[in-house]
Structure formats: C-alpha cells, structure tokens
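These notes concern the structure reproduced below.
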Amino acid sequence: MELDTLAPDHDYCITPTTAMVADQLAEENNTLRQKVKELELHIEALQLRSCFGLKRFAGSDEDIQFYTRFHSYDHLMAFWRLIEPATSRMIRVTSVAREASASVAEKTTANRSTKLLPIDELFLFLNYLSTGCTQRELGHRFNIHRTTASRIITTWANFLYCVLGAICIWMTPEAITANLPPEFKDYADTQVIVDCTELRCQTPSSLVLQSEVYSHYKSHCTFKAMIGMAPHGPLTFVSALYGGSISDRELFKLSGIIPLLSPDMAVMVDKGFRVENLVPGKLHRPAFRSNNNQMAAQDVLETQSIARLRVHVERLIRRVKENKLFDTVIPLSISGSINQLFTVACILSNYQNGPLVKDWREH
C-alpha cells in the first residue's frame with residue numbers, strides 16, 4: 001500500500017474539552033512569558049538607575065555637561081576614542097602594603113580595573129573636577145571605597161597629565177597669523193596673552209609654609225599659576241603651580257615661557273608684569289600713569305584697546321574655574337596631585353569648549 005493512501009492517525013485523547021484547556025494553557029503561557037520579559041526590562045532599568053555611571057546619563061546631554069563639562073555624550077565619546085588606546089599602558093596607583101605583598105602574577109594584573117570600567121573611571125575623574133565633591137561622596141555614588149576613589153583620581157590625573165601633556169599646544173607664529181581675529185589687527189604680532197590665577201588652599205600649620213603660600217592679593221593661602229592664550233582663544237601655555245606669595249614677574253621667569261619666545265613674538269600682559277627685560281620681543285601692556293595728574297589721551301586709548309583684548313584670557317580662566325574643585329578651598333591632602341589636576345583641567349578646556357567668541361567660530 002502506498003503512503004499517500006494511508007489515513008492520518010487519530011488522537012483519541014483529544015476531545016473538545018481538552019482542546020479548549022490546552023488553548024487556555026498556551027495563552028496563559030504566552031502571557032506569563034510576556035510578563036517575564038517586562039519584569040526583566042524593569043529590573044535592568046532599576047539596576048541602571050541605581051548604578052552611578054556614564055551609561056546612566058548617556059541620554060541626557062544636560063547631565064553630561066554638568067558632570068563632565070563636555071557639551072554632549074557624543075562629544076565626550078569622541079574624546080574617549082582619542083585616549084582609549086593609551087589606557088592599556090596606564091600605571092595605576094596602589095597601596096604600599098599591597099604592592100609589597102603582591103606576587104608576580106598579581107603585579108601583572110594590577111593595571112587592570114577590578115570594579116569600574118575604564119570609561120566609568122574617566123567619568124569619576126571628570127565628576128571630581130566638575131562638581132568638586134569629596135572622595136567619600138564619590139565612593140558612595142560609585143559604590144566603591146573612599147581610598148579606591150582616591151587612587152582612581154590620582155591614577156587618571158597622572159595618566160592624563162602625561163598623555164595630554166605630550167601634545168604640543170604651543171602654536172607657531174604662522175598658525176597664529178592664519179587664525180588671527182580681526183579685533184587684533186592693531187596687535188597682529190601678538191603671540192600669546194598671559195595672566196595669572198590663584199587657587200585658594202587650606203592653611204598649613206607650619207608658619208614657614210604659611211609665609212610661602214599666603215597671598216596678600218587674595219588675603220588667603222593660595223596656589224598660583226600662569227596661563228597663556230592664543231589671540232583666537234585656545235589655551236597654549238600653562239605653568240606649574242607655585243606658592244601664592246610669588247610675584248607675577250618671578251612667576252613669568254620660572255614658568256618656562258621665555259625659551260618659547262622669539263624676537264618676532266609679542267606678548268600681551270597686565271600692568272603687574274614688569275617683564276620688559278625678560279621677553280626678547282615686544283610687550284603689549286597698559287600704560288602707567290606718570291607723575292602728571294592725568295594720562296595722555298593716546299595712553300588712555302591704548303589702555304582701553306588692550307583691556308578689551310585681554311579680557312578674553314580672563315574668560316578662559318573662568319572656563320577652567322567652572323570646575324568646582326578649584327572654586328573651593330583645596331585641602332592639603334591632595335597637594336601632591338593638585339598640579340596635575342590643574343594642568344589637566346586647563347588642557348581639557350581645549351577639548352570641552354568651542355571658541356570664546358561666537359563670531360570667531362565662522363572665522
């Protein structure tokens with residue numbers, strides 16, 4: 001007998017009643033499966049909300065700007081792609097006791113993060129700069145110990161200090177001329193605009209240290225640094241931090257900017273910089289009032305024009321100090337890494353922000 005002529009088998013167990021029950025069970029099964037999927041998504045959302053990391057704020061550019069000073073998530077990720085290849089060679093800060101007792105295998109894996117992803121460690125570091133919150137608070141936010149947060153901050157401060165510091169930000173005169181704004185047409189030879197800024201710090205117990213870091217200008221103990229800006233806005237120079245008692249002239253001499261200057265480069269400074277015999281080229285500085293009771297009309301106009309242009313370096317300094325860490329009294333416990341933190345924050349301003357003046361964007 002051929003197979004085509006065989007009748008299909010009949011299931012004598014299936015009745016109209018049992019068929020209805022089977023359909024109901026199948027429908028309930030599908031409903032329960034859908035509920036399980038919804039609960040899994042809800043659990044995932046709750047876990048993401050409870051985890052304080054970059055992924056949680058990826059959909060809010062406003063939060064990204066608040067916590068990192070980058071304008072958007074895509075902007076931050078573009079910067080991350082620049083430095084990500086170098087993170088494999090990062091040297092991490094560990095405790096002395098752990099380093100002494102670690103075996104060779106443990107030292108090999110010491111450079112790998114144990115809890116946070118590298119991008120979340122960068123987010124923690126930028127969060128520390130931007131919000132100025134304490135290391136204990138960061139530990140609670142990221143669910144790590146306070147000392148772990150401190151080591152992550154020190155590690156990334158040293159890492160970015162080396163990576164970003166290896167990039168030459170000093171510009172050639174040709175590049176300055178090519179990007180010179182029209183407002184600087186009367187001072188076209190200007191290579192850099194410099195100014196000093198001070199960060200308030202905790203008062204040390206030693207009277208000798210107090211005399212070194214006390215600033216009469218701020219009436220407080222401070223760290224002092226000098227910042228240089230190209231005429232079209234980017235930061236091109238940042239010095240190390242010194243004690244607040246240092247003068248502008250002495251800071252200019254020790255900063256290391258003099259070897260970068262040549263006779264064809266002019267420097268625009270404030271009145272406090274008595275550096276005529278230190279710069280090899282021209283010096284653009286507001287005029288001083290002589291023994292006469294009134295300044296000459298030409299000196300007044302020159303002072304006003306220089307002041308209008310010098311204000312841009314003060315706006316650049318304000319951008320750096322928008323990082324709330326530098327808006328508070330800096331504890332002496334981070335004095336060992338404050339120089340790296342400040343330098344990194346200054347260089348990051350070139351990556352985080354656009355031109356200082358909107359009209360310069362098109363130029």
Whether the side chain of [X] engages the backbone of [Y] through a donor-acceptor N/O pair (distance < 3.5 Å, no angle test) should be reported.
X      : Y      : result
Asp61  : Tyr73  : yes
Asn143 : Gly139 : no
Thr68  : Phe70  : yes
Ser305 : Glu302 : yes
Thr190 : Ala266 : no
Asn339 : Leu241 : yes
Asp120 : Leu54  : yes

In terms of hydrophobic clusters joined by side-chain contacts under 4.5 Å, are Leu341 and Phe237 together?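 The answer is no; the residues belong to distinct hydrophobic clusters.
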Let me check something: do Leu126 and Phe66 share a hydrophobic cluster, defined by ILVMFWY side-chain heavy atoms less than 4.5 Å apart, either directly or through other members?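 Same cluster.
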Enumerate the residue pairs fulfilling ring-ring contact (aromatic ring centres under 6.0 Å, His included) with a member in residues 198-228, sequence neighbours excluded, ordered by first and then second residue. Tyr214-His216
What pairs of residues pass the ring-ring contact (aromatic ring centres under 6.0 Å, His included) test when at least one of them lies in residues 239-263, not counting sequence neighbours?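 Listed by first then second residue: nothing to list.
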Determine whether more than 12 heavy atoms belonging to other residues, nucleotides or ligands lie under 6.0 Å from atom CZ of Arg319.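 Check passes, neighbour count above 12.
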Evaluate whether atom CZ of Arg136 has more than 12 neighbouring non-hydrogen atoms of other residues, nucleotides or ligands under 6.0 angstrom away.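 At most 12 heavy atoms, drawn from other residues, nucleotides or ligands, come within 6.0 Å of this atom.
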With the threshold set at 4.0 Å, does a side-chain nitrogen-carboxylate oxygen contact exist between Glu276 and Arg285? yes
Inspect the contact between Arg151 and Glu121 and indicate whether a charged nitrogen and a carboxylate oxygen are less than 4.0 angstrom apart. no
Distance-only check: which donor-acceptor pairs under 3.5 Å involve side-chain atoms of residues 28-37, not counting sequence neighbours?
| residue | atom | partner | partner atom | Å |
| --- | --- | --- | --- | --- |
| Asn30 | ND2 | Ala26 | O | 3.3 |
| Thr31 | OG1 | Glu27 | O | 2.9 |

Verify the distance criterion only: is there a donor paired with an acceptor across the side chains of Asp74 and Ser72 at less than 3.5 Å?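 No, Ser72 and Asp74 have no side-chain donor paired with an acceptor closer than 3.5 Å.
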Could you give me the CA-CA distance, side-chain angles and deciding distance for Asn353 and Ser349, then say whether side chain to side chain donor-acceptor pair (under 3.5 Å) is met? CA-CA 6 Å; Asn353 305 283; Ser349 65; 5.2 Å; no
For Phe159, which residues count as a ring pair (Phe, Tyr, Trp, His ring centres under 6.0 Å) partner, sequence neighbours excluded? Trp156
Applying ring pair (Phe, Tyr, Trp, His ring centres under 6.0 Å), name anything that partners Tyr187, two or more places apart in sequence or on another chain.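 Expected list: His284.
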Ser245 OG to Gln210 CD distance, which is reported to the nearest 0.5 Å: 12.0 Å
Residues which pass salt bridge (charged side-chain N to carboxylate O under 4.0 Å, His left out) with [X], listed by chain and number, not counting sequence neighbours:
X      : answer
Glu212 : none
Asp248 : Lys224
Lys321 : none
Glu314 : Arg310

Pairwise salt bridge (charged side-chain N to carboxylate O under 4.0 Å, His left out) hits with a residue in residues 229-241, at least two apart: none
Where at least one partner belongs to residues 335-347, residue pairs that pass salt bridge (charged side-chain N to carboxylate O under 4.0 Å, His left out), sequence neighbours excluded: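 For residues 335-347, and leaving out neighbouring residues, there are no salt bridge (charged side-chain N to carboxylate O under 4.0 Å, His left out) pairs at all.
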How are the rings of Phe142 and Phe123 set to each other: parallel, tilted or perpendicular (split at 30° and 60°)?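 Ring orientation, 0 to 90° scale: perpendicular.
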List, by chain and number, the other hydrophobic cluster members for Leu301, where Ile, Leu, Val, Met, Phe, Trp and Tyr join if side-chain heavy atoms come within less than 4.5 Å, directly or indirectly.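 Same cluster as Leu301: nobody, lone residue.
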